[in-house]
Amino acid sequence: MSRLLGWSLGRGLLRAAGRRGRGCSALPARAGGPGPEVAVAVAPPRVALPGRRPGLLPLLAALAWFSSPAAADEEEQPGAGAAAPEDAADAAEAEIIQLLKRAKLSIMKDEPEEAELILHDALRLAYQSDNKKAITYTYDLMANLAFIRGQLENAEQLFKATMSYLLGGGMKQEDNAIIEISLKLASIYAAQNRQEFALAGYEFCISTLEEKIEREKELAEDVMSVEEKANTHLLLGMCLDSCARYLLFSKQPSQAQRMYEKALQISQEIQGEGHPQTIVLMSDLATTLDAQGYYDEAYAYMQRASDLARQINHPELHMVLSNLAAILTHRERYTQAEEIYQEALKQAELKRDEVSVQHIREELAQLSRKSRPVT
């Protein structure tokens with residue numbers, strides 16, 4: 001069972017996604033040893049930070065929810081929890097586990113180049129020891145790393161290789177691990193403006209999960225645990241969120257609105273109204289309503305999101321406040337909008353978010369011109 005990303009790590013991945021990476025993970029041969037490595041240079045996309053305004057890419061929506069690679073959980077890493085090594089195979093597996101842990105730590109510390117080097121070492125050792133589970137898990141980590149660095153073509157190859165190994169090992173297409181990879185592939189196609197592939201990918205993920213949830217909702221807890229059901233619901237929320245961002249970016253706000261409403265309901269039911277991800281979804285739904293001219297409804301959602309964000313000192317409080325000020329501006333409540341923008345500016349400066357600081361200052365300058373009396 002896959003687990004979802006902790007918020008602090010999610011924000012680190014989002015920051016990493018907007019940076020140009022040096023080099024990239026190579027895709028070794030799938031059988032007969034690692035073979036020669038060929039680096040493929042891929043320029044990352046220009047991506048907007050989440051919760052800011054329309055023009056958002058679904059790539060970041062997916063990243064904000066993900067935790068571990070799709071291939072396995074922490075407890076399910078190759079050989080996890082095994083006894084002390086007794087032979088060469090056990091020793092190799094123990095070394096692979098340590099390399100994978102080091103790689104994940106490097107990703108958390110925002111050291112992608114170091115993580116990439118470690119993962120190549122892990123993959124070579126996995127091939128040498130013919131540990132298929134370790135090969136699959138390492139491919140998935142490499143794919144995630146390329147994904148968060150914006151190296152989309154390489155990430156696509158690696159995700160497809162991971163999926164091939166999982167399906168070849170007997171995993172079903174409706175398994176959550178396969179859906180996670182399919183969602184990432186759809187997000188890659190969306191970021192590359194490959195609309196037909198993106199929409200087909202999102203439709204597969206959402207419809208498969210909805211059918212799965214419907215079939216499994218009556219299963220007793222001894223057959224399927226509450227946690228397993230909750231994780232499937234959260235994965236559906238992740239898919240809806242990512243698809244909604246793509247639809248909004250594609251100027252289809254009414255369709256995006258329906259997706260956001262479903263994603264928000266799932267997050268509220270599973271994670272609670274005060275969860276950071278719920279607040280972001282509330283803000284994004286408000287932004288979608290605002291884009292359609294539904295200013296009163298947008299204001300109600302955004303006001304609630306900002307209240308909750310203040311209560312928990314949300315890491316993206318300045319963005320939520322900036323969105324609230326924008327809606328107030330559209331409602332021609334200029335004095336209140338200026339007050340909120342000033343609050344957002346202080347928060348952005350405290351977070352040292354220079355991009356947001358510049359954006360808010362620009363919005364304040366435009367607001368000043370709008371509210372200036374005509375002479």
Side-chain angles (χ1 to χ4, degrees), residues 1-5 13 24-32 34-35 38 40 42 58-59 61-63 65-73 76-78 96 100 103-104 107 116 119-120 122-123 126-127 130-192 194 196-212 231-232 234-236 238-239 242-243 246:
M1 172 57 62
S2 57
R3 292 172 297 169
L4 300 178
L5 182 62
L13 295 184
C24 64
S25 300
L27 182 60
R30 287 187 51 198
V38 181
V40 182
V42 181
L59 178 64
L63 287 172
W65 295 70
F66 282 118
S67 72
S68 55
D73 275 334
E76 295 173 338
Q77 288 182 20
I96 293 168
L100 294 176
K104 293 176 79 172
I107 294 172
E116 184 178 344
L119 287 172
H120 278 297
L123 190 61
Y127 268 107
D130 195 28
N131 188 325
K132 291 181 172 55
K133 190 170 184 179
I135 291 170
T136 305
Y137 191 85
T138 306
Y139 266 136
D140 199 31
L141 265 178
M142 292 172 73
N144 276 301
L145 181 58
F147 186 54
I148 65 178
R149 296 177 75 185
Q151 298 167 350
L152 301 185
E153 292 180 11
N154 194 50
E156 179 186 352
Q157 295 177 51
L158 289 163
F159 279 132
K160 287 179 177 178
T162 306
M163 187 182 292
S164 177
Y165 271 101
L166 292 173
L167 293 172
M171 185 173 287
K172 297 180 180 179
Q173 279 197 335
E174 66 175 24
D175 191 282
N176 284 5
I178 298 296
I179 300 296
E180 281 193 15
I181 296 175
S182 299
L183 174 59
K184 292 174 185 176
L185 286 169
S187 300
I188 288 171
Y189 299 143
Q192 295 171 328
R194 296 162 69 181
E196 183 178 352
F197 288 97
L199 291 176
Y202 288 130
E203 182 180 354
F204 165 77
C205 293
I206 293 169
S207 62
T208 301
L209 286 170
E210 287 178 338
E211 292 171 6
K212 181 178 179 180
N231 280 335
T232 301
L234 285 173
L235 182 54
L236 175 58
M238 184 195 311
C239 295
S242 184
C243 185
Y246 179 61

J.: Locate the shortest heavy-atom distance separating L167 from K172; write the atom from each residue and the value.
T.: CD2-C, 4.3 Å

J.: Hey, could you give me the OG/NZ distance between S207 and K212, rounded to the nearest 0.5 Å?
T.: 13.0 Å

J.: Roughly how far apart are N176 CG and L235 CG, rounded to 0.5 Å?
T.: 5.0 Å

J.: Rounded to the nearest 0.5 Å, what separates atom CG in L152 from atom CG in L185?
T.: 11.0 Å

J.: Quick check: closest heavy atoms across Y202 and C239, and the distance to 0.1 Å?
T.: CD2-O, 4.4 Å

J.: Measuring from atom OH of Y165 to atom CD1 of I135, what distance do you get when rounded to the nearest 0.5 angstrom?
T.: 5.0 Å

J.: Using side-chain heavy atoms (C-beta onward) and a distance below 4.5 Å, is M163 in contact with S182?
T.: yes

J.: Looking at E210, I want to see if its CD is surrounded by more than 12 non-hydrogen atoms of other residues, nucleotides or ligands under 6.0 Å.
T.: yes

J.: Any heavy-atom pair between the side chains of H120 and M142 that's under 4.5 Å?
T.: yes

J.: Mind listing the closest non-hydrogen atom pair of I178 and L166 along with its distance?
T.: CD1-CB, 3.9 Å

J.: Taking all non-hydrogen atoms of both residues, which atom of A134 and which atom of A126 are closest, and how far apart?
T.: CB-CB, 3.9 Å

J.: Would you name the heavy atoms of L183 and C205 that are closest together and state the gap between them?
T.: N-SG, 3.5 Å

J.: Looking only at heavy atoms, which two atoms of T208 and I179 are closest? And how far apart?
T.: CG2-CD1, 3.8 Å

J.: Residues two or more places apart in sequence or in another chain: which of them pass side chain to side chain contact (heavy atoms under 4.5 Å, CB included) with A155?
T.: A146, F147, F159, I188

J.: With sequence neighbours excluded, tell me which residues meet salt bridge (charged side-chain N to carboxylate O under 4.0 Å, His left out) with E174.
T.: R215

J.: Suppose the criterion is salt bridge (charged side-chain N to carboxylate O under 4.0 Å, His left out): which pairs have a residue in residues 154-166, not counting sequence neighbours?
T.: E156-K160, E156-R194

J.: In Å, rounded to the nearest 0.5 Å, how long is the span from CG of N131 to OG1 of T138?
T.: 8.5 Å

J.: With the side chain counted from C-beta on, respond yes when K184 and N144 share a heavy-atom pair under 4.5 Å apart, and no when they do not.
T.: yes

J.: Do L158 and D140 touch side chain to side chain, with heavy atoms closer than 4.5 Å?
T.: no

J.: Starting at CG of L209, measure out to CD1 of I206 and round the result to the nearest 0.5 Å.
T.: 8.5 Å

J.: Could I get the full list of ring-ring contact (aromatic ring centres under 6.0 Å, His included) partners for Y189, not counting sequence neighbours?
T.: F197

